[in-house]
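Position 1 is the first residue of the sequence, and the numbers go up from there. It should be emphasised that the depicted structure is a prediction, and the values quoted were computed from it without experimental measurement.
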Amino acid sequence: MFSFFKSKTITEIAPALPLSELRKRARILVVDDDETAFPYKLLQKEGYNVTYWKRIENLRNLETGEYDIIVLDIQGIANPKISEDDGLGILVHVKR
């Protein structure tokens with residue numbers, strides 16, 4: 001079979017970067033009304049680029065694709081004007 005039809009793994013496609021550089025480049029957003037529920041400070045200490053929000057007030061920041069990973073609580077994080085279904089509604093919106 002032709003080699004251009006062969007599936008490639010991420011390590012074959014991505015440039016070889018040190019783990020410390022990959023940690024800096026990954027943009028992670030944690031949205032949780034309980035600051036202690038997710039260990040985002042530990043990730044920051046390990047060198048990850050983590051942003052923490054207590055609540056979502058503006059969906060545009062999520063819609064732009066600025067973040068590679070979003071850790072989203074499903075209760076207590078959304079302004080009712082933005083989503084009546086709280087975090088679950090935000091999840092559905094961002095997924096769309």
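Expressed to the nearest 0.5 Å, how far CG of Asn61 lies from CD of Glu63 amounts to 9.0 Å. Distance CG/Leu88 to NE2/His93: 13.5 Å, rounded to 0.5 Å.
Checked by atom type, the side-chain pair Tyr40/Glu35 shows a donor-acceptor distance below 3.5 Å. Asp34 and Thr36 form a side-chain donor-acceptor contact under 3.5 Å, judged by distance and modelled atom types alone.
Below 30°, between 30° and 60°, or above 60°: for Trp53 and Tyr67 the angle between ring planes is above 60°, a perpendicular geometry.
Looking at Val30 and Thr51, their side chains never come closer than 4.5 Å, going by heavy atoms from C-beta outward. Between Leu91 and Ile74, the closest side-chain pair of non-hydrogen atoms is not below 4.5 Å. Between Lys24 and Asn49 there is no side-chain heavy-atom pair separated by less than 4.5 Å. Using a 4.5 Å heavy-atom cutoff, the side chains of Leu29 and Val71 are not in contact. Using a 4.5 Å heavy-atom cutoff, the side chains of Ile90 and Leu72 are in contact. Residues Ile56 and Asn79 fail the side-chain proximity criterion, which asks for heavy atoms closer than 4.5 Å.
The environment of Glu21 atom CD is dense: over 12 non-hydrogen atoms of other residues, nucleotides or ligands sit within 6.0 angstrom.
Applying the side chain to side chain contact (heavy atoms under 4.5 Å, CB included) rule to Pro80 yields the partners Arg55; only residues at least two apart in sequence or on another chain are considered.
Here the closest non-hydrogen pair linking Asp33 and Lys54 is O-NZ, 3.1 Å.
Put simply, the side chain of Asp86 gets close to the backbone of Ala78: a donor and an acceptor are under 3.5 Å apart.
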